[in-house]
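Accompanying notes for the structure given below.
Excluded from the calculations below are hydrogen atoms, water molecules and symmetry mates; all remaining heavy atoms, backbone and side chain alike, are included.
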Protein chains: 2
Amino acid sequence: MPQQKSSNSLRRITSHEVALRAGVSQSTVSRVFSGDERLSEATRERVLGIARDLGYKPNAIARSLITRRTKIIGLVASYMTNPFFPVVLQAFTQRLHELGWRVLLFTAGTSEDVDELLPEVLAYQVDGLIIVTASLSSQMTREVLQRGTPVVLFNRYAPGSGASAVSCANYEGGRLVAEVLLDAGHKRLAYITGRADTSTNVDRQRGFLERLAERKSHCKIELGNFTYAGGFDAALRLLKSKKRPDAIFCANDITALGALDAARKLGVRVPDELSVIGFDDIPMAQWTAYDLTTVRQPVEEMIEASVELLLERVNNINLGSVLKFLPGTLVRRGSARLQP
Amino acid sequence: MPQQKSSNSLRRITSHEVALRAGVSQSTVSRVFSGDERLSEATRERVLGIARDLGYKPNAIARSLITRRTKIIGLVASYMTNPFFPVVLQAFTQRLHELGWRVLLFTAGTSEDVDELLPEVLAYQVDGLIIVTASLSSQMTREVLQRGTPVVLFNRYAPGSGASAVSCANYEGGRLVAEVLLDAGHKRLAYITGRADTSTNVDRQRGFLERLAERKSHCKIELGNFTYAGGFDAALRLLKSKKRPDAIFCANDITALGALDAARKLGVRVPDELSVIGFDDIPMAQWTAYDLTTVRQPVEEMIEASVELLLERVNNINLGSVLKFLPGTLVRRGSARLQP
DNA sequence: CTGAAAGCGCTTACAG
DNA sequence: CTGAAAGCGCTTACAG
């Protein structure tokens with residue numbers, strides 16, 4: 001097949017050309033595609049037919065300029081190494097697409113990156129912003145909200161920032177884990193932390209410790225940093241210590257998988273000698289090598305709630321901010337010895 | 001803090017307002033931000049200062065309309081359950097951001113979804129398209145290319161479609177695995193397939209089988225579907241059969257992890273009784289529970305090459321399509337008994 | 001039910 | 001070095 005000449009096929013079709021061929025005004029063509037009611041069936045059909053023939057589709061950029069709505073949501077994500085986030089990302093884009101919105105994606109390593117990147121996102125006039133686990137500086141949050149762009153934080157919250165947020169009820173989740181571990185008679189408890197600057201870690205830890213305290217118990221704490229390697233190393237330290245724990249609660253699943261592999265390496269039998277509980281319920285928690293007992297985040301409901309909160313505020317900028325905490329549920333698998 | 005009135009802060013600042021305050025024409029403001037050379041330092045500074053005070057940033061949508069360039073790349077991805085793709089996604093957005101491009105994200109389950117979604121992407125006048133592992137129908141590919149939007153396929157290719165593509169040298173990778181397994185004296189080989197309709201699976205399998213045939217060997221084949229569960233079940237079938245294999249090559253890493261867990265469940269010792277080799281080198285391949293020997297895809301180079309191919313074609317639509325295959329490298333870990 | 005016209009917020013020849 | 005003006009491709013009052 002010879003190299004195809006693209007000279008004429010390159011011309012993007014506009015509503016003017018469709019109008020010309022259909023013998024109507026450009027306004028009429030526009031009305032056909034903007035869902036205007038008052039149009040005779042005849043003209044609508046004719047325009048639609050010609051548009052189809054020509055492969056015409058309205059230019060969303062031009063439409064955005066005049067309507068001052070892009071129908072684009074900016075999605076800022078980080079920590080893609082945690083398998084929880086691809087799942088979340090996928091669910092968000094799926095849901096937003098279903099509702100007719102587009103997603104402009106930003107991934108960031110650090111929160112400074114986010115602050116630098118955000119003006120670029122805003123230049124594209126996104127109608128709203130979803131921040132998945134990346135953290136926004138409170139100053140930037142204020143700026144964004146001030147220009148009338150609603151923000152929803154997912155999996156973290158920042159009270160007083162003006163941003164709405166949807167998160168798992170991490171505090172209650174932490175309490176729940178403390179409860180079931182104590183109920184099952186565990187005596188030497190440990191917690192492997194996530195990043196100290198995240199509300200997820202802070203709340204899970206606080207819930208766990210507070211419930212332990214209420215029941216006159218306590219626990220060792222090791223740093224884990226929300227990573228597999230962090231969990232592995234932390235568990236190694238715990239399991240090699242003189243009074244080895246008989247139960248470890250990990251700040252999230254990926255940490256717990258590391259802890260389980262540490263136990264496996266040391267020959268510590270799970271769950272007979274050691275119970276391990278995580279948080280998230282990522283796909284790997286079900287893998288037979290792990291069979292991880294964990295607190296499941298209600299991802300679907302969290303996504304649904306986030307999108308709803310955001311789109312409400314896109315439509316009505318005057319709505320105040322809302323913090324929403326959805327309860328997690330304990331998923332009992334083989335990595336923890338619990339009462340039935 | 002009382003509810004803040006947003007009535008006036010909601011007005012988006014335009015170049016007109018900046019011009020007014022700076023006592024210059026709107027054209028001049030525009031020139032400051034479009035990097036026009038011929039401007040006195042004095043006016044440039046003054047405009048910049050006022051813009052900063054007002055929080056002005058050019059509206060990218062308006063700019064896109066007039067320049068007919070959005071600086072947006074559409075990224076279509078699927079199979080987010082395979083940990084390889086989040087890594088790729090992250091790397092792509094990072095790289096494109098560095099170069100000043102934005103990413104409009106589309107995730108799709110099936111290829112029919114992609115075909116349906118694509119016109120929506122195109123409505124936003126994306127300057128180029130990267131398709132990560134999702135498959136585009138050849139008809140849709142043709143349409144996209146015809147309107148002058150270059151396409152790069154990542155991790156698959158479609159010769160004759162007109163789309164450029166970057167992929168790992170999967171065929172050679174398959175041959176390499178055959179070679180090292182035979183060299184180490186393995187006698188009973190098996191291959192666990194991925195999805196039959198993907199070039200990655202087809203090429204890895206063909207390379208593996210052809211090299212085996214050249215060395216007068218052959219292998220069993222089981223269906224794995226590129227998933228953990230698929231790998232697990234396939235390996236279970238293989239390992240329970242009368243003539244149990246002593247080496248399994250898996251179409252990708254996630255499949256191989258399933259296979260390793262199947263071996264673990266049956267008490268088959270790795271690598272003494274069984275060698276397992278994967279393809280990709282996902283983060284989990286390093287986990288101590290797996291320590292997977294695998295063919296590493298040169299992700300960084302592949303991303304770099306894809307972005308380069310794409311942007312070249314964005315700048316010059318007349319460039320022909322190019323298929324690029326980058327060699328993978330064997331990463332020797334503990335899951336296979338190989339010669340040093 | 002339909003058209004002419006204004007305008008969204010920019011860039012960029014064209015003059016000077 | 002700078003300004004006035006046209007125009008990117010739409011939507012949407014305003015008339016009729």
Take B:Arg102 and B:Lys71, measure what side chain to side chain contact (heavy atoms under 4.5 Å, CB included) needs, and give me the verdict at the end. CA-CA 6 Å; B:Arg102 309 288 153 248; B:Lys71 285 237 149 198; 5.6 Å; no
What's the CG-P distance between B:Asn59 and C:dC8, to the nearest Å? 12 Å
Would you say CD of B:Glu98 has more than 12 non-hydrogen atoms from neighbouring residues, nucleotides or ligands within 6.0 angstrom? yes
Using a 4.5 Å cut-off on heavy atoms from C-beta on, say whether the side chain of A:Tyr124 contacts that of B:Ile72. yes
Atom CZ of residue position B:Arg21 - does it have more than 12 heavy atoms of other residues, nucleotides or ligands inside 6.0 Å? no
Has A:Ser40 got a side-chain N or O lying under 4.0 Å from the OP1 or OP2 atom of C:dT2? yes
d(CD1, A:Ile61; P, C:dT11) in whole Å: 14 Å
Taking DNA chain C as the partner, which of residues 20-28 of chain B come within under 4.0 angstrom of it by heavy atom? B:Gln26, B:Ser27
Could you tell me whether the phosphate oxygens of D:dC8, OP1 or OP2, come under 4.0 Å of any side-chain nitrogen or oxygen in B:Arg68? no
Can a side-chain donor-acceptor contact be found between A:Ser321 and A:Ser164 if the only test is distance below 3.5 angstrom? no
Taking atom P of C:dC10 as reference, at what distance in whole Å does atom CZ of A:Arg63 sit? 21 Å
Give one of base, sugar-phosphate or nothing for A:Thr67, where a contact means two heavy atoms less than 4.0 Å apart. sugar-phosphate
Do B:Cys168 and B:Met302 have side chains that approach each other closer than 4.5 Å (heavy atoms only, starting at C-beta)? yes
For A:Phe33 and D:dC10, give me the distance from atom CZ to atom P, rounded to whole Å. 9 Å
Without swapping roles, check the side chain of B:Asp127 against the backbone of B:Val314 for a donor-acceptor pair under 3.5 Å. no
Please work out which of the three classes, parallel, tilted or perpendicular, describes the rings of A:Phe106 and B:His97, given edges at 30° and 60°. parallel
Can a side-chain donor-acceptor contact be found between B:Gln26 and B:Ser15 if the only test is distance below 3.5 angstrom? yes
According to a strict under-4.0 Å criterion, is B:Thr43 in side-chain N/O contact with OP1 or OP2 of D:dT2? yes
A:Tyr124 has an atom OH; how far is it from atom P of C:dG9, in whole Å? 17 Å
Rounded interatomic separation in angstrom, taking CD1 from A:Ile66 and C1' from D:dG7: 14 Å
With a 3.5 Å distance limit and no angle check, can you tell me whether B:Asn82 reaches the backbone of B:Phe85 through a side-chain donor-acceptor pair? no
Do the side chain of B:Ser34 and the main chain of B:Ser30 share a donor and acceptor less than 3.5 angstrom apart? yes
Quick one: A:Arg31 CZ to D:dC14 P, roughly how many Å, whole number? 13 Å
Got a sec? Which of residues 50-58 of chain B come in under 4.0 Å of DNA chain D, heavy atoms? none
SB check B:Glu37 B:Arg31 (cutoff 4.0 Å): no
If you check the A:Ala62 side chain, which of D:dC10, C:dC10, D:dT12 turns out closest? D:dC10
Atom pair distance, as rounded to whole Å: CZ in A:Arg44 and P in C:dC1: 10 Å
Quick one: stems for DNA chain C, with Watson-Crick or G-U pairs under 3.5 Å, at least three in a row? C:1-3 with D:14-16, C:5-12 with D:5-12, C:14-16 with D:1-3
